[in-house]
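First up is the structure itself, then whatever we jot down about it.
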Amino acid sequence: MPDGAAPGNGRRRRRRDTVDTVTQQRFPSSVYADRLARAASAAADSGLHALLVGPGPDLDYLTGSRASTFERLLALVVPAQGDPWVMVPRLELAALRASAVGELGVATRDWVDGDDPYALALQGVPAGSALAVSDAVPALHLLPLADRNGALPVLATEVLRTLRMSKDDAEVEALRRAGAAIDRVHARVGEWLRPGRTERAVADDITAAIIAEGHTRAEFVIVGSGPNGADPHHEVSDRVIEAGDIVVVDIGGPVDPGYFSDSTRTYSVGAPTSDIAERCAVLERAQQAAVEAVRPGIPAEAVDAAARQVLVDAGLGEWFIHRTGHGIGLSVHEEPYIVGGNDTVLSEGMAFSIEPGIYFPGQWGARIEDIVIVTADGCEAVNKRPHGLTAV
């Protein structure tokens, strides 16, 4: 998925307080117990008194809970010293205890409308303490927490990103399953991509296949045909696909326990012109150069540079208008970002996309994307479909 694009195909989602009770696969409770212990240790190492983690990927990572609240405070508090607890509205208490939080035996502090949840959340946290909050906590809760604490919290991003960037064996296996599932969808694109059909109709078929192939939902489906392919943030439209079109298909979604797939391939409706074929061949070499550059010990920006240099040397550098990749896991976009200026050193277990693209406004575009996982001496790509321009 191109960096900066918003998932969800513009579909409007309900925002309400819920704790998801739908059966979902999770890792063993020992995995989450270890993560909580490492989070507490990281908080202590950073000089923090506690972490406060709201609903979102960070909470899922630490507890396996996919609770979703907005107006009522629900938060995991992880002190640097002592046991963690969860603040939860009482009307959601039963559902939360039925989730992985209950399996972990994490203490809960419930509250009802009329209580002061912010004061309750900070019980045992000395006023003015160094408190860090996850980046998904809205201002609606952040400001009252700052008021009760007597000091503005800092973001917990730096602490939590370090934990989440390096995937353990169970997470790597989850990403492999997700990669294989989305590969099976790309293998079927030729069934749906043909002249006379709209991008939207093709996207509907792809969406159904994403779910049929093992995803819990289609998080995003991009079908950019002809000039629409020159817009990296295009999703779908009612444009009718024509013979000769170059079509960018970028698709993905979560596979339980919530790890994302994300893969892009570019298709030609009929045989491409020689000029287009040559430019796409250069893009394929750029993507491969970036994959070959990946290894522990190099900065993330070196991978971006490897892809970019191939395109620059071929006179196509100005048409590559976004960074080379983004981390992936419980979020479609997370650390590390594969971009110039990012000196984060790659290490074994990091997972991210490699997705250079070229875009010619008003004409066509192309992008090739794999998810790779850093290994001891290189990387493993979880996507195995052919990378070249595929005629359908």
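Counting from 1, the numbers follow the sequence of the chain as shown.
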For this session: Measure up the His326 and His333 rings against each other and bin them: parallel (under 30°), tilted (30 to 60°), perpendicular (over 60°).
Result: tilted
Exercise. Hey, mind stepping through His322 and Tyr359 against ring pair (Phe, Tyr, Trp, His ring centres under 6.0 Å) and telling me if it holds?
Worked result: CA-CA 10 Å; His322 55 74; Tyr359 309 93; 5.4 Å; yes
Exercise. Are Asp115 and Arg90 within salt-bridge range, i.e. N to O under 4.0 Å?
Worked result: no
Exercise. Hey, is the main chain of Gly388 close enough, under 3.5 Å, to the side chain of Thr390 for a donor-acceptor pair?
Worked result: yes
Exercise. For the side chain of Thr63 and the backbone of Leu59, is there at least one donor-acceptor N/O pair under 3.5 Å apart?
Worked result: yes
Exercise. Around Arg177, counting heavy atoms of other residues, nucleotides and ligands shown, do more than 12 lie under 6.0 Å from its CZ?
Worked result: yes
For this session: Show your working on side chain to side chain contact (heavy atoms under 4.5 Å, CB included) between Ile222 and Val236 and close with a plain yes or no.
Result: CA-CA 6 Å; Ile222 294 173; Val236 299; over 6 Å; no
Exercise. Between the side chains of Thr273 and Asp275, is a donor N or O closer than 3.5 angstrom to an acceptor N or O?
Worked result: no
Exercise. Taking Ser134 for the side chain and Gly54 for the main chain, is one N or O donor matched with an acceptor at less than 3.5 Å?
Worked result: yes
Problem set entry | Main-chain N/O of Asp110 paired with Thr108 side-chain donor or acceptor, under 3.5 Å | no
For this session: For Asp116, look at atom CG and say whether over 12 heavy atoms of other residues, nucleotides or ligands are found less than 6.0 Å away.
Result: yes
Exercise. Backbone N or O of Ser237 within a donor-acceptor pair of the Glu199 side chain at under 3.5 Å?
Worked result: yes
Exercise. Under 3.5 Å, is there a donor-acceptor pair between the side chain of Glu171 and the main chain of Asp168?
Worked result: yes
Exercise. Do Thr264 and Asp250 have side-chain atoms, one donor and one acceptor, less than 3.5 Å apart?
Worked result: yes
Problem set entry | Salt-bridge present (Arg239, Asp245; N to O < 4.0 Å) | yes
Exercise. Are Val303 and Val282 in one and the same hydrophobic cluster, where Ile, Leu, Val, Met, Phe, Trp and Tyr link if side-chain heavy atoms are under 4.5 Å apart?
Worked result: no
Exercise. Passes side chain to side chain contact (heavy atoms under 4.5 Å, CB included), Glu301 versus Val339? Steps please.
Worked result: CA-CA 5 Å; Glu301 64 182 354; Val339 61; over 6 Å; no
For this session: State whether Arg200 and Asp204 are salt-bridged, where the test is any N-O pair (Lys NZ or Arg NE/NH1/NH2 against Asp/Glu carboxylate O) under 4.0 Å.
Result: no
For this session: Taking atom types as modelled, find out whether Glu284 and Gln288 have a side-chain donor-acceptor pair closer than 3.5 angstrom.
Result: no
Problem set entry | Residues Arg164, Glu334: salt bridge by 4.0 Å N-O rule | yes
Exercise. Can you check whether Ala130's main-chain N or O pairs, donor with acceptor, with His49's side chain at less than 3.5 Å?
Worked result: no
Problem set entry | Matching residue for Asp370 among Lys384, Arg265, Arg385 - test: side-chain hydrogen bond (donor to acceptor under 3.5 Å, both in side chains) | Arg265
Exercise. Just checking, is any N or O donor in the side chain of Glu103 or Ser29 under 3.5 Å from an acceptor N or O on the other one?
Worked result: no
Exercise. Does Tyr32 have Arg26 sitting over its ring (NZ/CZ under 6.0 Å from centre, angle to axis within 45°)?
Worked result: no
Exercise. More than 12 heavy atoms of other residues, nucleotides or ligands under 6.0 Å from CD of Gln81: is that the case?
Worked result: no
For this session: Any chance you could lay out the side chain to side chain contact (heavy atoms under 4.5 Å, CB included) test for Val382 and Val372, step after step, and finish with the verdict?
Result: CA-CA 6 Å; Val382 302; Val372 303; over 6 Å; no
